[in-house]
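Heads up: the structure comes next, in structure tokens.
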Amino acid sequence: MKETTNENNADPCLPGGLMSAEQWALPETSVRRSLKDAISHALTQLRAGVSQAEEPFESMDDLPELSIAQQHRLAPEPDYARQAVVIASSLDHARSEGALSREVVCLVAPPFSGVQQSLACFSESGPSGFIPGGTGEWTIIAPPETLAFSDQEACEWWDNQDLSRPWVITELAEFWLRRLSGLALVKELFRRIANGNAGAGIVGCSSWCWRYWGHYLENAQMSPWTPAPMNSERLGVWFTYLASKGRKSSVVVRMTGDGHYVLPQPEPDDIEKKKRSKKRKYSNFLRDLAATSRGNPGVALAIWQRSLRAQPDDDAKLEGDGEMSEKQSRAADCWVVPLERLSLPTMPQSKESVTGFVLHGLLLHNSLDIASLEVVTGVSAYELSLVLSRLKRAELVICEQPGERWRVTPIGYPTVRRHLQSWGFPLDQF
């Protein structure tokens with residue numbers, strides 16, 4: 001399939017737009033950063049093997065953090081309704097360009113990418129641009145209360161869903177459980193999509209859920225799409241958009257230690273000017289953040305929020321900017337702690353098999369309550385409560401109300417994914 005992104009016209013709320021999932025590539029990182037991350041992970045595992053630390057995660061950085069109001073202003077949550085409009089527009093553009101011909105589109109993305117929240121906004125009187133053959137309202141298809149279906153019951157359930165008008169599934173992971181009686185709904189849905197009997201629709205799906213079903217139904221070639229990964233440039237555009245939305249002025253963010261600039265990003269002519277005069281120095285923070293988060297916007301935003309500070313280091317050596325005064329050169333809306341100085345969640349010492357089954361199960365199904373987690377892992381409810389309690393103290397999982405469903409946290413996701421890889425669990429492609 002040809003390249004489908006159009007960054008020149010990309011909306012800043014979704015930099016890079018959408019692309020075929022097969023075109024997705026990990027943001028580049030420096031060799032120095034890759035070695036540092038590998039060594040840090042190895043040392044963390046080594047300490048876990050000889051330590052009995054039971055303390056919850058605490059940041060080791062004592063610089064004053066932003067107030068809640070400041071964080072909401074400078075690093076707010078995305079506008080998912082706006083992202084829904086951009087997703088619909090991107091799909092409509094792809095269809096008009098001939099890059100998309102299927103009536104049902106599968107949008108696959110890693111957890112915390114915002115696809116599920118954006119698709120949930122499709123029912124709010126729009127967007128309608130992507131609907132093949134005309135306009136109309138979208139129907140959100142919600143999963144049933146129970147997921148135990150026979151093949152016949154699954155067929156009857158889908159017969160009762162209105163697929164005659166455009167429909168959306170915000171997260172396919174909520175339609176199945178990893179047991180024999182919990183697979184029927186998704187199997188029947190894919191059968192109808194493959195046969196062209198599902199009408200026009202969009203299926204949102206976590207990358208971990210997609211990994212499972214991609215192997216289970218190898219002949220179901222759905223050609224999924226995905227948001228482009230957040231490299232350093234896209235992160236800069238996105239963070240600036242989030243912080244400056246509704247205001248003309250651009251946000252200024254600098255590093256706490258040396259004062260190097262993070263935002264605003266340099267324009268192409270500023271890069272040449274920097275080479276000649278070296279008046280303004282820029283940090284590699286966004287490049288390292290893109291690599292650490294693997295281009296995942298939700299993970300990058302969580303780390304970004306954790307790294308922001310109200311003041312720089314007391315002994316920071318901040319450099320001036322040409323003819324600017326010292327006061328002006330030190331000015332910034334906020335400051336950023338270097339990634340190597342930022343304390344992030346680490347995996348507590350535990351039985352690898354039990355912890356791995358729990359975390360992998362949560363990622364496969366997006367989120368689960370303890371009863372469902374017991375079914376898909378085979379771990380007793382009592383032991384699950386102990387494991388989840390430790391993982392919660394480590395900021396790796398969180399229990400959400402209502403429903404008391406457990407899920408992996410965005411700030412802890414990089415650690416979880418790295419450990420699942422080291423324990424031999426199958427990973428998603430992102």
Side-chain angles (χ1 to χ4, degrees), residues 12 15 27-30 32-33 36 59-77 230-293 297 299-344 411:
E28 67 176 271
T29 185
S30 65
R32 177 186 62 83
R33 185 74 205 176
K36 182 178 292 186
S59 174
M60 299 301 293
D61 196 288
D62 57 0
L63 294 177
E65 297 182 355
L66 299 183
S67 66
I68 295 178
Q70 287 175 315
Q71 187 175 104
H72 286 171
R73 180 174 68 86
L74 296 171
E77 294 299 313
M230 288 284 193
N231 56 24
S232 60
E233 291 78 13
R234 292 166 185 162
L235 280 179
V237 170
W238 192 50
F239 288 157
T240 299
Y241 168 78
L242 292 178
S244 304
K245 189 169 48 177
R247 297 185 291 116
K248 293 183 179 180
S249 59
S250 181
V251 63
V252 177
V253 182
R254 303 177 70 174
M255 299 302 298
T256 58
D258 54 22
H260 289 184
Y261 281 78
V262 180
L263 295 177
Q265 287 187 300
E267 296 294 334
D269 57 342
D270 289 335
I271 294 177
E272 295 302 321
K273 184 186 299 183
K274 181 185 66 172
K275 290 180 180 179
R276 292 195 304 268
S277 63
K278 297 184 179 180
K279 290 181 179 179
R280 173 175 288 190
K281 294 185 177 180
Y282 291 89
S283 167
N284 289 326
F285 180 87
L286 291 181
R287 185 186 67 179
D288 292 341
L289 178 58
T292 299
S293 64
V299 173
L301 180 59
I303 298 175
W304 176 251
Q305 292 170 336
R306 176 68 60 86
S307 69
L308 296 182
R309 296 293 183 270
Q311 297 177 12
D313 291 344
D314 291 336
D315 57 350
K317 298 178 180 179
L318 304 180
E319 303 181 24
D321 296 281
E323 299 177 355
M324 296 178 65
S325 67
E326 180 181 355
K327 181 178 180 180
Q328 288 174 316
S329 70
R330 294 176 63 91
D333 293 287
C334 59
W335 306 82
V336 177
V337 177
L339 286 177
E340 57 268 20
R341 288 190 55 195
L342 186 65
S343 298
L344 296 173
I411 196 76

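Small disclaimer: the values here were computed from a predicted structure and weren't measured.
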Excluding sequence neighbours, so at least two apart, what forms side-chain contact (heavy atoms from CB on, under 4.5 Å) with Ser283?
Met255, His260, Val262, Phe285
What verdict does the side-chain hydrogen bond (donor to acceptor under 3.5 Å, both in side chains) test give for Glu77 and Gln305, after you've listed the backbone C-alpha separation in whole Å, the side-chain angles of each residue and the deciding distance to 0.1 Å?
CA-CA 10 Å; Glu77 294 299 313; Gln305 292 170 336; 3.2 Å; yes
Run the side chain to side chain contact (heavy atoms under 4.5 Å, CB included) test on Phe239 and Leu286 for me, step by step, so that the C-alpha distance in whole Å, both residues' side-chain angles and the decisive distance to 0.1 Å come before the verdict.
CA-CA 10 Å; Phe239 288 157; Leu286 291 181; 4.0 Å; yes
Which residues share a side-chain hydrogen bond (donor to acceptor under 3.5 Å, both in side chains) with Gln71, sequence neighbours left out
none
Side chain to side chain contact (heavy atoms under 4.5 Å, CB included) for Lys281 and Asp258? Distances and angles first, verdict last.
CA-CA 9 Å; Lys281 294 185 177 180; Asp258 54 22; over 6 Å; no
For the residue pair Trp238 and Leu301, establish whether any side-chain heavy-atom pair is separated by less than 4.5 Å.
yes
Enter the distance from Leu289:CG to Met230:CE here, rounded to the nearest 0.5 Å.
10.5 Å
Output all residues satisfying side-chain contact (heavy atoms from CB on, under 4.5 Å) with Pro76, sequence neighbours left out; order by chain, then residue number.
Leu242
Any donor-acceptor pair under 3.5 Å linking the side chain of Ser244 with the backbone of Tyr241?
no
Can you tell me how far the OG atom of Ser343 sits from the CZ atom of Arg306, to the nearest 0.5 Å?
9.0 Å
Is any side-chain heavy atom of Gln265 closer than 4.5 Å to one of Val237?
yes
State which residues pass side-chain hydrogen bond (donor to acceptor under 3.5 Å, both in side chains) with Gln70; sequence neighbours excluded, sorted by chain then number.
Ser67
When rounded to the nearest 0.5 angstrom, what is the spacing between CD1 in Ile303 and CG in Leu308?
12.0 Å
Is any side-chain heavy atom of Val252 less than 4.5 Å from a side-chain heavy atom of Pro264?
yes
Measure across Ser232 and Ala290 and return the closest heavy-atom pair with its distance rounded to 0.1 Å.
N-CB, 3.9 Å
Return the CD to CG distance between Gln311 and Leu66, rounded to the nearest 0.5 Å.
10.5 Å
Would you say that Val336 contacts Leu263 through its side chain, given a criterion of any heavy-atom pair below 4.5 Å between the two side chains?
no
For Asp333 and Ser250, the nearest pair of non-hydrogen atoms, with its separation, is OD2-O, 4.3 Å
